[in-house]
Structure formats: C-alpha cells, structure tokens
Amino acid sequence: MLKITLKDGQVHEYNAGIKLREIAADINPRLGKEVLVGAIDKELHDLDYQPDGEKNINFFTFEDDEGKRVFRHSSAHVMAQAVKRLFPDTKLAIGPAIEEGYYYDFDPQRPFTAEDLEKIQEEMETIIKEDLPFKRFELSREEALKLFSDLKEPYKVELINDLPLDAVISCYSQGEFTDLCVGPHLPSTGRLKAIKLLSVAGAYWRGDERNKMLQRIYGTSFPKKSELDEYLFRIEEAKRRDHRRLGIDLDLFSIQEEGPGFPFFHPKGMVLRNELEKFWREEHKKRGYQEIRTPVILNRSLWEQSGHWEHYRENMYFTKIDQADYAVKPMNCPGGILVYRSRLHSYRDLPIRLAELGLVHRHELSGVLHGLMRVRCFTQDDAHIFMLPGQVKNEIIGVIDLVDDVYKIFNFPYHVELSTKPENSIGSDEIWDLATTALREALEEKGIGYKVNEGDGAFYGPKIDFHLQDCLGRTWQCGTIQLDFIMPEMFNLAYIGEDGVKHQPVMLHRVVFGSIERFIGILTEHFAGAFPLWLAPVQVRVLPIAQRHFTHAGQVKDILDEKGFRTELDDRNEKVNYKIREAQLQKVPYMLVIGDREANREQVSVRNRQFGDLGGMALDEFVLKLEEEVNSKALTPLPNS
RNA sequence: GCUGGUGUGGCUCAGUGGUAGAGCAGCGCACUCGUAAUGCGCAGGUCGUCGGUUCAAAUCCGACCACCAGCUCCA
C-alpha cells in the first residue's frame with residue numbers, strides 16, 4: 001500500500017506499483033493531461049516513477065517553474081538527438097534549461113549555419129512526431145565511462161570523471177539517442193508540441209576562455225503553438241524598447257565609428273543627464289555628502305601605489321607627459337584618497353563622504369560593447385566614505401537605503417548580489433573575511449535577499465551589487481557598495497583619534513546609478529522612451545492649428561519657457577493631426593492645441609501622450625498641474641484636482 | 001579578445017557581375033486645416049575601408065574597421 005499527501009493536505013491511498021502519472025490522472029483528469037513532472041518529498045521524479053510508503057507528493061505543469069525546466073530540458077535532449085542524426089560526428093557537451101528556453105553546446109566538425117538550424121529544427125519536429133519515450137537507467141561509473149567512450153563522446157567522459165565518487169550516475173534514452181543526465185524528463189518527446197531554435201553562438205567549454213570554443217544553439221519551447229507565438233511577439237515588442245533604437249529615434253545620443261564605446265550625448269540626452277545629476281546632488285546633500293572633482297589623468301606612481309598598475313592594467317589607457325608615464329583614470333578612488341589625504345582629519349570629522357561625478361575610461365574588450373550599457377568611458381556617480389571602524393555598518397546601511405530610495409523613484413525592480421574575493425586581489429584572507437562579513441551582516445540586518453557571486457569582488461574589496469534589468473530581461477550591475485580596508489593601508493591614510501594618535505580609517509566605495517550612461521540606458525528601456533515629466537527632454541509641445549494661430553501659440557510657449565518648462569513650438573505648415581502624430585512618436589508628455597477657440601477664450605487644449613485629449617483649461621491651471629507633476633517626480637500624470 | 005552573422009542616402013530596407021532604387025525624414029510650392037501621416041515637386045549615396053580577380057564589382061575573393069547575438073569580462 002501507498003499513502004500519499006498532496007500539497008493541499010489531501011491524503012490518497014493506492015496499491016503499490018502505481019506510477020506518478022496514474023496518480024495525477026486519478027486526482028484530476030486535467031492534471032493527468034497537463035502534468036510534466038512530480039516531486040516526492042521535494043525531490044523531482046519522472047512520471048513513470050513508482051513511489052511507495054508514505055510520501056508527500058507535488059505535481060508540476062508548465063505553469064510551474066519546475067515543470068517548465070523539465071519541459072525545456074527535454075527539448076534540449078531532442079535538439080541533441082536531431083543534431084546527432086544530421087551530423088553524427090558532432091560531440092556533445094552540455095544542454096541545460098535556462099530562463100526562457102534551453103541550449104545545448106556542441107563540438108561539430110564545422111560551425112552550424114542558419115540553414116543547419118532550420119534542418120535541425122525540422123528534425124526535432126520529426127522526433128516529436130515519433131513520440132519516443134524517455135527512458136531512465138542507472139549505471140556504474142565503469143559502465144558509464146565505457147558507454148560514452150564507445151559513443152566517442154569525450155566531453156561526457158570528462159563530466160563522468162569529475163562526478164563525486166558517491167554520485168548516482170544516470171542516463172536517459174529516447175529512441176536511438178542516449179545522454180548522460182540526472183533528469184527528470186517528460187514521459188515522451190511527443191509532449192513538446194511547439195519548439196523554435198533561436199540562435200547559434202560560441203561558448204567556451206565549461207565557461208573558461210582557455211578551453212575550446214564550442215557551438216551553442218539556443219532554443220525555446222512551449223506546450224502550445226499559441227504560447228510560442230506570443231513569446232516571439234513579446235520579444236519583438238521588447239526590442240522596440242531598446243535604448244539603442246530609442247537613442248536614435250528620440251535623438252538622445254549616438255555612438256559613432258570614430259569612437260567605439262565612447263558615446264556622444266545630444267541636446268536631448270543631456271537634458272536627461274542634467275536632470276539626473278540635479279536629483280543626485282539634492283539627494284546627496286541631504287545625506288551629508290560633499291562634492292569633489294578629481295583629474296582624469298594622473299601620474300603612474302599613484303596607480304602603482306593603489307595597485308591598479310599591477311591589478312587593473314589590462315583595462316587602462318596610458319599616456320606620456322614630458323617623458324613621464326601617466327594613466328587615464330579607470331576609477332575615482334585614488335583621486336578621492338588624495339583629497340582626503342591633503343589635510344589632517346580628526347575622528348570628530350568622520351565619516352567624511354566625498355562624492356564625485358567622475359569620468360572614467362576603461363579598455364573593455366570590443367565584443368562586450370553594448371550601446372550605453374557597456375562603454376569605454378562613463379561617468380560614475382561615485383563617493384568614497386572615510387570612517388571609523390565602528391561606523392561601518394551604519395554607513396553601509398545608509399547607502400543601501402539611498403540606493404533603494406533612488407530606484408523606487410523610478411519604480412525599478414532590482415536584485416542584490418554579494419561578490420567575494422577574486423583571484424587577482426590584494427590583502428589577506430582575514431581582512432577579506434572581515435569585510436565580507438560586514439557586508440553580509442548589513443544585508444541581513446536589512447532583511448534583503450541576495451545571491452552570492454563568488455570571486456567577483458573588486459581587487460581591493462568585496463562588494464554588494466545592485467542589478468537592474470533591460471528590455472530583454474538581461475541584468476546589468478548598477479549600484480555597488482565596496483568595503484575596503486586595503487587602500488587606506490596602501491595610502492597610509494589616517495585620522496587623529498580621541499587618544500591623540502594616528503589611526504587608520506576604513507573606506508567605502510559606492511555608486512548609486514552606477515554609471516550615468518548605463519543608468520540612462522536602463523531608464524530609457526524601462527520607460528520605453530516615455531520618460532516621466534520631470535525627466536522628459538521636451539515636456540510640452542505647442543501645436544498651432546493654422547498660421548494665424550502662430551503668434552498666440554508663440555506667446556503660450558514663451559510663458560511656459562519662463563515658468564521653466566522645456567517647451568517646443570511646432571510652427572510648420574502641417575495639419576494638426578500630423579503634428580500630434582509626431583509629438584506622440586517623440587513621446588512628448590503634453591501637447592497644447594492652439595486654435596481659434598483657445599485664442600478667444602484665453603485657454604489651452606491639453607493632450608497627454610498617454611491619456612489623449614484632456615479638454616480645455618486656463619494656462620495658469622495647466623502650469624500648476626505641470627508644476628505638481630514635476631515636483632512630485634510622478635511616473636504618470638496626476639489626476640485633475 | 002573568441003564564435004557566428006550583418007554593413008547600400010539622416011532612418012527603414014530593395015537591388016547577387018553590365019549606367020545605384022523605394023518609403024519615411026529634409027528642402028521648395030500650394031493647401032490654412034481641431035486631437036496619430038494633405039498634395040505636387042526638388043535635392044540627397046566614392047554601396048564600411050583598403051587591396052585583389054575581371055573588359056566590367058554594391059554584387060566574387062582577402063585583410064581590416066564597425067555593429068548585432070552569445071561566450072569570457074564589468075559600472
């Protein structure tokens with residue numbers, strides 16, 4: 001007998017030997033059709049699995065992450081089978097499920113072409129029609145090694161050799177195809193229905209650039225054709241939010257062949273920058289920061305002292321002045337340190353928070369450049385906090401709160417990572433432990449969930465990273481808090497303590513936006529170019545209906561200009577429909593239509609880019625409305641009061 | 001940097017060996033118009049760069065540059 005408890009607490013009894021899928025069908029016929037995988041006491045199992053004893057059982061469909069992953073993982077196996085049918089000499093590496101689909105890494109005789117992809121997809125569809133059952137079998141290490149040696153799969157042999165000694169080694173077969181795999185899998189290939197191969201790209205074996213580059217094929221799959229179509233449509237829609245596209249359309253910035261990775265900001269992009277910086281200065285002033293500015297080019301000796309010469313040289317640009325070596329700064333910290341060190345400090349002065357909108361240059365590999373998100377020169381909204389050891393936790397929490405406050409203004413969802421000691425670093429393990437623990441404790445005190453990013457810290461200290469998403473869900477590190485016990489040591493920083501002798505301060509490096517450039521990229525994609533009123537490069541466009549309204553419209557524009565609003569007058573000889581369309585496409589928040597009615601009644605007719613025609617109102621009233629919306633940094637227009 | 005793909009007017013794209021095309025944008029003229037495209041006309045390109053093959057190259061070949069996707073790396 002078998003006694004099972006479902007997640008809602010229901011208890012069922014079955015005869016021994018019943019399979020998971022039969023239980024699912026017994027509970028609910030629809031579940032029986034949609035179920036993809038089961039979990040017994042939280043451990044996932046194939047639907048053919050026969051449980052016994054007293055167990056808690058969960059069933060998962062495509063609606064659940066667990067079900068989705070199994071569905072995509074099985075899809076990857078079908079892709080590998082198709083590739084082996086068409087290109088038998090191809091060696092198999094690994095093929096996991098990922099966020100929106102799956103991939104498989106192959107080592108083929110020659111790289112795959114777009115035509116190959118189509119053929120592989122067709123073959124996958126054939127395999128799905130064949131409805132081959134996935135069969136699990138376990139084998140000993142020796143049997144597994146023999147099997148994959150005989151199959152001439154060197155990567156699989158390497159994987160098996162690296163498995164822990166006590167590992168249960170399992171394989172899954174469908175038809176003629178067998179792959180090393182822990183599973184679980186769908187009952188059969190016929191469950192897949194809608195699949196699509198999306199792209200080929202190179203990927204290093206085991207993610208290490210010293211290894212051979214393999215060919216990775218990305219794909220996705222769904223239980224219904226309509227869901228696949230919807231996904232593909234959503235991707236196309238998302239691409240319309242791409243900041244590189246909107247940067248051109250809205251004339252915000254450009255990147256030219258003459259300066260790859262060095263963006264040009266156009267007048268409208270500069271409005272965004274300046275508004276962001278204004279906001280930034282206000283927020284930092286409130287929180288006790290003082291602003292400084294340090295030089296872009298500084299002498300080699302400084303970079304040797306800071307450790308950049310040894311640990312960061314790959315990313316730096318160099319120049320000579322009067323035969324002496326200089327470097328273009330890749331970070332602002334050494335400059336900030338020199339400002340701190342330029343005079344003696346008392347313990348009473350700490351913490352000292354020195355903020356700097358600092359332009360840094362870094363040599364990034366050509367292949368990683370990406371619009372404003374990844375560039376070779378950018379402005380960090382940096383600050384260096386010099387503090388007493390006892391002030392560390394409070395200062396970290398202060399920055400965490402600041403980042404949260406700022407991201408909330410834009411309604412950005414974000415996630416947090418804790419990056420630990422990298423290979424290429426300076427300082428003892430003890431110091432690193434101390435710093436890492438301090439960051440971790442601050443996060444835990446704030447109750448913030450975080451992911452650990454091993455070995456991704458800066459060379460001088462561990463960091464908390466704040467990651468934001470772009471239009472396609474890729475994440476970019478923006479805010480970061482780095483705790484540093486090492487630079488104060490290397491620069492021999494000091495403050496005079498209560499006891500009258502010198503002590504070493506602790507340093508915190510931090511950014512909130514991260515870089516203004518990247519932040520503008522994220523901002524643009526988040527709002528699809530329709531920036532909130534306080535940021536919008538053009539806030540109001542005045543649209544006279546006919547030439548005889550130009551004078552009056554010009555007066556309206558002048559009044560708005562005087563009140564401090566960014567206003568444009570569209571005095572082209574075009575129909576008002578045309579002007580409205582253009583203003584809409586430029587995502588101008590407010591349009592004022594000026595015709596005979598308005599001129600006679602001293603009114604303006606207001607159209608909002610989101611809500612359309614708002615009707616007529618006195619200009620004074622409109623100005624009040626704008627002021628309120630700007631001052632509150634509202635994300636959408638405020639309701640009429 | 002690596003793998004694959006792409007590069008034609010400001011933007012989107014046709015054109016695959018025989019004299020460079022369209023739409024939008026721009027400019028001119030007419031229309032003077034009420035909440036997402038008025039009509040007509042004009043102008044605009046050494047086809048990414050350099051080299052090669054050919055009687056002839058946007059088209060074929062090579063190198064380089066830039067961009068796109070991904071890998072590795074980062075704000």
remark   = Given the options Arg541(A), Lys268(A), Glu275(A), Arg566(A) meets side chain to side chain contact (heavy atoms under 4.5 Å, CB included) only with Glu275(A)
query = Across the strands shown, which category fits Gly612(A) at heavy-atom distances under 4.0 angstrom: base, sugar-phosphate, nothing?
reply = nothing
inquiry  = Categorize Tyr218(A) for me: base, sugar-phosphate, or nothing, with a 4.0 angstrom heavy-atom threshold over every strand shown.
reply    = sugar-phosphate
query = Can you tell me if NZ on Lys91(A) sees more than 12 non-hydrogen neighbours from other groups inside 6.0 Å?
reply = yes
request  = Give the ring-plane orientation class for Tyr104(A) versus His77(A), where under 30° counts as parallel, over 60° as perpendicular and anything between as tilted.
outcome  = perpendicular
request  = Using the C1' atom as the reference point in each nucleotide, state the distance between U54(B) and A14(B) in Å, no decimals.
outcome  = 26 Å
inquiry  = Between G15(B) and G45(B), how far apart are the two C1' atoms, rounded to whole Å?
reply    = 14 Å
request  = Identify the nucleotide, in any strand shown, that forms a Watson-Crick or G-U wobble pair with G34(B), with both distances under 3.5 Å; if there is none, say none.
outcome  = none
request  = Determine the contact category for Arg210(A): base if any of its heavy atoms lies under 4.0 Å from a base atom, sugar-phosphate if only primed atoms, P, OP1 or OP2 are that close, otherwise nothing.
outcome  = nothing
inquiry  = Could you tell me the Watson-Crick or G-U partner of C55(B), where both distances fall under 3.5 Å? Say none if there is no partner.
reply    = G18(B)
task = Tell me the partner of U3(B), counting only Watson-Crick (N1-N3 plus N6-O4 or O6-N4) or G-U wobble (N1-O2 and O6-N3) with both under 3.5 Å; none if nothing fits.
result = A69(B)
Test side chain to side chain donor-acceptor pair (under 3.5 Å) applied to Glu356(A) and Thr294(A), step by step = CA-CA 8 Å; Glu356(A) 172 174 18; Thr294(A) 70; 2.9 Å; yes
request  = Identify whether any heavy atom of Arg216(A) sits under 4.0 Å from a base atom; if not, whether one sits that close to sugar-phosphate; answer base, sugar-phosphate or nothing.
outcome  = sugar-phosphate
inquiry  = Under 6.0 Å between ring centres: does that hold for Trp309(A) and Phe318(A)?
reply    = yes
ask   = Mind checking what makes salt bridge (charged side-chain N to carboxylate O under 4.0 Å, His left out) contact with Glu100(A), not counting sequence neighbours?
value = Arg234(A)
query = With sequence neighbours left out, what residues match Glu122(A) under salt bridge (charged side-chain N to carboxylate O under 4.0 Å, His left out)?
reply = none
query = Do Tyr590(A) and Phe622(A) have their ring centres less than 6.0 Å from each other?
reply = yes
key: Strand-adjacent residues in residues 365-378 of chain A, judged by heavy atoms under 4.0 Å from RNA chain B   = Leu365(A), Ser366(A), Gly367(A), Val368(A), Leu369(A), His370(A), Met373(A), Arg374(A), Val375(A), Phe378(A)
Touch class at under 4.0 angstrom, heavy-atom based, for Arg597(A) against every strand present = base
note = Residue set satisfying salt bridge (charged side-chain N to carboxylate O under 4.0 Å, His left out) with Asp105(A), at least two apart, ordered chain then number -> Arg216(A)
query = Contact class for Asn315(A) vs. all strands (heavy atom < 4.0 Å): base, sugar-phosphate, or nothing?
reply = nothing
note = Span of RNA chain B engaged by chain A, first through last nucleotide within the 4.0 Å heavy-atom cut-off, is G1(B) to A75(B)
ask   = Should the pair His243(A) and His370(A) be assigned to parallel (<30°), tilted (30 to 60°) or perpendicular (>60°) ring geometry?
value = tilted
request  = For RNA chain B, determine which residues of residues 195-209 of chain A have any heavy atom closer than 4.0 angstrom to one of its atoms, and list them numerically.
outcome  = Ala201(A), Gly202(A), Ala203(A), Tyr204(A), Gly207(A), Glu209(A)
query = Where does the angle between the aromatic ring planes of His526(A) and Phe412(A) fall among parallel (under 30°), tilted (30 to 60°) and perpendicular (over 60°)?
reply = perpendicular
task = Indicate, with a heavy-atom threshold strictly under 4.0 Å, whether Val593(A) touches base, sugar-phosphate, or nothing.
result = base
Sugar-phosphate, base or nothing in reach of Gln477(A), heavy atoms under 4.0 Å = sugar-phosphate
ask   = Considering residues at least two apart in sequence or located in another chain, which fulfil the side-chain hydrogen bond (donor to acceptor under 3.5 Å, both in side chains) criterion with Arg581(A)?
value = none
request  = Would you mind pulling out the nucleotide paired to C50(B), Watson-Crick or G-U wobble, both distances under 3.5 Å?
outcome  = G62(B)
ask   = Excluding sequence neighbours, so at least two apart, what forms salt bridge (charged side-chain N to carboxylate O under 4.0 Å, His left out) with Arg244(A)?
value = Asp242(A)
ask   = Does Glu99(A) CD have over 12 foreign heavy atoms under 6.0 Å away?
value = no
Residue matched to G39(B) through Watson-Crick or wobble contacts both under 3.5 angstrom = C29(B)
note = The answer to which of Arg362(A) and Gln584(A) contacts RNA chain B further toward the 5' end, by nearest nucleotide, is Gln584(A)
remark   = As its Watson-Crick or G-U partner within any shown strand, both distances under 3.5 Å, G23(B) has C11(B)
inquiry  = I'd like the P distance from C50(B) over to U46(B), given in whole Å.
reply    = 12 Å
request  = Could you work out the separation of U59(B) and G52(B) based on their C1' atoms and round it to a whole Å?
outcome  = 15 Å
ask   = A22(B) and G9(B): how far apart are their P atoms, nearest whole angstrom?
value = 14 Å
task = Please work out whether the ring planes of His308(A) and Tyr312(A) are parallel, tilted or perpendicular, with thresholds of 30° and 60°.
result = perpendicular
message = Using atom C1' in both nucleotides, what's the gap between U16(B) and A56(B) to the nearest angstrom?
response = 15 Å
key: Any residue of residues 240-247 of chain A with a heavy atom less than 4.0 Å from an atom of RNA chain B   = Arg244(A), Arg245(A)
inquiry  = What residues from residues 248-276 of chain A pass a heavy-atom cutoff of under 4.0 Å to RNA chain B?
reply    = Glu257(A), Pro260(A)
request  = Identify whether any heavy atom of Asp456(A) sits under 4.0 Å from a base atom; if not, whether one sits that close to sugar-phosphate; answer base, sugar-phosphate or nothing.
outcome  = sugar-phosphate
key: Heavy atoms of other groups near Glu158(A) CD, more than 12 under 6.0 Å   = yes
task = On the 0 to 90° scale, with breaks at 30° and 60°, tag the Phe466(A)-Tyr407(A) ring pair as parallel, tilted or perpendicular.
result = perpendicular
key: Atom C1', compared across G70(B) and G10(B): separation rounded to whole Å   = 31 Å
request  = For Asn577(A), answer base if it contacts any base atom (sugar-phosphate contacts may also be present), sugar-phosphate if it contacts only those atoms, and nothing otherwise; contact means non-hydrogen atoms under 4.0 Å.
outcome  = sugar-phosphate
message = Give me the distance, rounded to whole Å, that separates A20(B) from C24(B) when you measure between the P atoms they each carry.
response = 24 Å
ask   = How would you label the contact of Gln547(A) with the nucleic acid (heavy atoms, under 4.0 Å): base, sugar-phosphate, or nothing?
value = base
inquiry  = Any base atoms under 4.0 Å from Thr379(A), or only sugar-phosphate, or nothing? Heavy atoms, all strands.
reply    = nothing
ask   = Who are the side-chain hydrogen bond (donor to acceptor under 3.5 Å, both in side chains) partners of Gln256(A), not counting sequence neighbours?
value = Ser254(A)
key: Sugar-phosphate only, base, or nothing, as touched by Lys463(A) at under 4.0 Å among non-hydrogen atoms   = sugar-phosphate
ask   = For Tyr414(A), what residues pass the side-chain hydrogen bond (donor to acceptor under 3.5 Å, both in side chains) criterion, not counting sequence neighbours?
value = Asp404(A)
ask   = Arg110(A) near the nucleic acid: base, sugar-phosphate alone, or nothing, with a heavy-atom cut-off under 4.0 Å?
value = nothing
request  = For Glu364(A) and for Ile594(A), locate the closest nucleotide of RNA chain B by heavy-atom distance; then report the residue assigned to the nucleotide nearer the 5' terminus.
outcome  = Ile594(A)
